[in-house]
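In what follows, residues are counted from 1 in the order of the sequence shown. Bear in mind the structure is a predicted one, so any value in this text is a computation, not a measurement.
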Amino acid sequence: MATELLFRDDAYLRRATARVLAVGPLGIALDRTVFYPQGGGQAGDSGVLVRASGERVAIADTRKGEGERVLHVPAAAGVTLEPGEDVALEIDWERRHRLMRLHTALHLLSCVVVAPVTGGNIVPDKARLDFDIELSELNAGHIERETNALIASAVATETVWISDAELDAQPDLVKTMSVQPPRGFGRVRLLKIPGIDLQPCGGTHVANIAEIGAIRVLRIRSEGRRNKRVEIALQP
């Protein structure tokens with residue numbers, strides 16, 4: 001049985017209830033979850049599972065498991081959850097919201113730096129994209145100003161679904177060379193920022209880009225011939 005991904009329809013859902021499917025050495029599988037599993041460069045969620053007794057089981061990370069299941073990784077060993085029991089789920093919202101803001105900011109960054117994206121990563125305190133571009137073409141001041149100007153336009157984001165065939169017919173939608181959108185499920189999820197960007201993405205994002213606040217460029221450096229890294233953080 002696959003895990004139902006509640007965050008896919010509502011990235012702002014902080015709590016839910018679920019039933020334990022299995023408990024193993026890699027984590028706890030539930031029938032539904034608000035926890036985002038690590039993927040697409042975005043870190044997995046943390047939070048707690050609350051048992052009927054009130055016992056709180058801290059979750060340090062969330063990963064993808066086999067058979068479309070999501071695994072919730074306990075912070076401590078010796079968890080005694082049992083298959084079939086019901087639990088309440090609570091994500092660490094402050095941490096998740098920072099990930100959402102940074103992830104959406106990277107989509108804007110990919111519009112400011114017009115080059116193939118060769119990698120990316122989002123953790124709560126910073127995020128980065130790697131580009132196939134000459135280092136001399138990257139200017140921190142310009143990137144920061146242009147990205148913040150886009151953020152200030154306060155455009156609402158949208159989720160769009162297209163078929164695998166439609167994506168195949170529009171290969172230019174895929175900007176990231178290192179991470180390809182999942183295919184074979186019949187449809188692909190896109191993040192649309194009207195007038196600015198449209199690309200496949202299964203991550204969590206803010207409802208309006210103004211919610212990002214402002215970003216600052218931490219540093220720009222070379223990570224190889226085809227990898228020039230732009231690292232950003234949220235403004236305090």
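Cluster annotation: Leu71 and Leu30 are assigned to distinct hydrophobic clusters (Ile/Leu/Val/Met/Phe/Trp/Tyr, side-chain heavy-atom contacts under 4.5 Å, transitive). A chain of hydrophobic side-chain contacts below 4.5 Å, direct or via other Ile, Leu, Val, Met, Phe, Trp or Tyr residues, connects Leu135 to Phe131. Taking hydrophobic clusters as Ile, Leu, Val, Met, Phe, Trp and Tyr residues chained together by side-chain heavy-atom distances below 4.5 Å, Leu99 shares a cluster with Trp93. In the hydrophobic clustering of ILVMFWY residues, with side-chain heavy atoms under 4.5 Å counting as a link, Val230 and Leu150 come out together. When the side chains of ILVMFWY residues are joined at heavy-atom separations under 4.5 Å, either directly or via intervening members, Leu106 and Ile133 end up in a single hydrophobic cluster.
Side-chain atoms of Thr62 and Val73, non-hydrogen and from C-beta on, never get closer than 4.5 Å to each other. Contact check for Leu108 versus Ile212: side-chain heavy atoms found under the 4.5 Å cut-off. Residues His205 and His107 meet the side-chain proximity criterion, which asks for heavy atoms closer than 4.5 Å. Contact of the Ile59 side chain with the Leu49 side chain is registered, since non-hydrogen atoms from C-beta on lie closer than 4.5 Å. Using a 4.5 Å heavy-atom cutoff, the side chains of Val20 and Ile28 are in contact. Contact of the Lys192 side chain with the Cys201 side chain is not registered, since no non-hydrogen atoms from C-beta on lie closer than 4.5 Å. Taking 4.5 Å as the limit, some side-chain heavy atom of Ser46 sits within range of a side-chain heavy atom of Arg95.
Between Ala29 and Arg69, the closest heavy-atom pair is CB-CD, 4.0 Å. Of all the heavy atoms in Ile196 and Cys111, the pair that sits closest is O-SG, 3.5 Å. Considering every non-hydrogen atom in both Pro83 and Ala22, the closest pair reads CG-CA, 4.3 Å. Closest non-hydrogen pair, Ile215 versus Ala105, comes out as CG2-CB, 4.0 Å. Between Gln199 and Ser110, the closest heavy-atom pair is NE2-OG, 3.4 Å.
Leu13 pairs by the side chain to side chain contact (heavy atoms under 4.5 Å, CB included) definition with Leu6, Asp10, Val34, not counting sequence neighbours. Contacts of Phe7 classified as ring-ring contact (aromatic ring centres under 6.0 Å, His included), with partners at least two apart in sequence or in another chain: Tyr36. Residues passing the salt bridge (Lys or Arg N to Asp or Glu O under 4.0 Å) test with Arg56 are Glu90, sequence neighbours excluded. For Arg63, the salt bridge (Lys or Arg N to Asp or Glu O under 4.0 Å) partners at least two apart in sequence or on another chain are Asp61. For Ala140, the side chain to side chain contact (heavy atoms under 4.5 Å, CB included) partners are Val217, Ile220, not counting sequence neighbours. Under the side-chain hydrogen bond (donor to acceptor under 3.5 Å, both in side chains) criterion, Thr204 pairs with Gln42, sequence neighbours left out.
Contacts classified as side chain to side chain donor-acceptor pair (under 3.5 Å) and involving residues 141-161 (residues at least two apart or in different chains) are not found. Residue pairs meeting the salt bridge (Lys or Arg N to Asp or Glu O under 4.0 Å) criterion with at least one member in residues 17-33, sequence neighbours excluded, are Glu4-Arg32, Arg19-Asp86. Residue pairs that meet the salt bridge (Lys or Arg N to Asp or Glu O under 4.0 Å) test with at least one member in residues 41-54, sequence neighbours left out, are Asp45-Arg96, Arg51-Glu55, Arg51-Glu85. For residues 214-236, no pair satisfies ring-ring contact (aromatic ring centres under 6.0 Å, His included), with sequence neighbours left out. A ring-ring contact (aromatic ring centres under 6.0 Å, His included) check over residues 37-85, counting only residues at least two apart or in different chains, returns the pairs Phe35-His72.
Between the side chain of Arg128 and the backbone N or O of Glu231, no donor-acceptor pair lies under 3.5 Å. In this structure, the side chain of Arg226 does not engage the main chain of Asp132 through any donor-acceptor pair within 3.5 Å. In this structure, the side chain of Asn208 engages the main chain of Ala154 through a donor-acceptor pair within 3.5 Å.
Apart from Met1 itself, the hydrophobic cluster it occupies contains Leu21, where clustering links Ile, Leu, Val, Met, Phe, Trp and Tyr at side-chain heavy-atom distances under 4.5 Å.
Between Glu223 and Arg221 there is a salt bridge, with a side-chain nitrogen of the basic residue lying less than 4.0 Å from a carboxylate oxygen of the acidic one.
Atoms CD and NZ, on Glu134 and Lys228 in that order, are 6.0 Å from each other to the nearest 0.5 Å. To the nearest 0.5 Å, the span separating CD1 on Ile143 from CD on Glu137 amounts to 10.5 Å.
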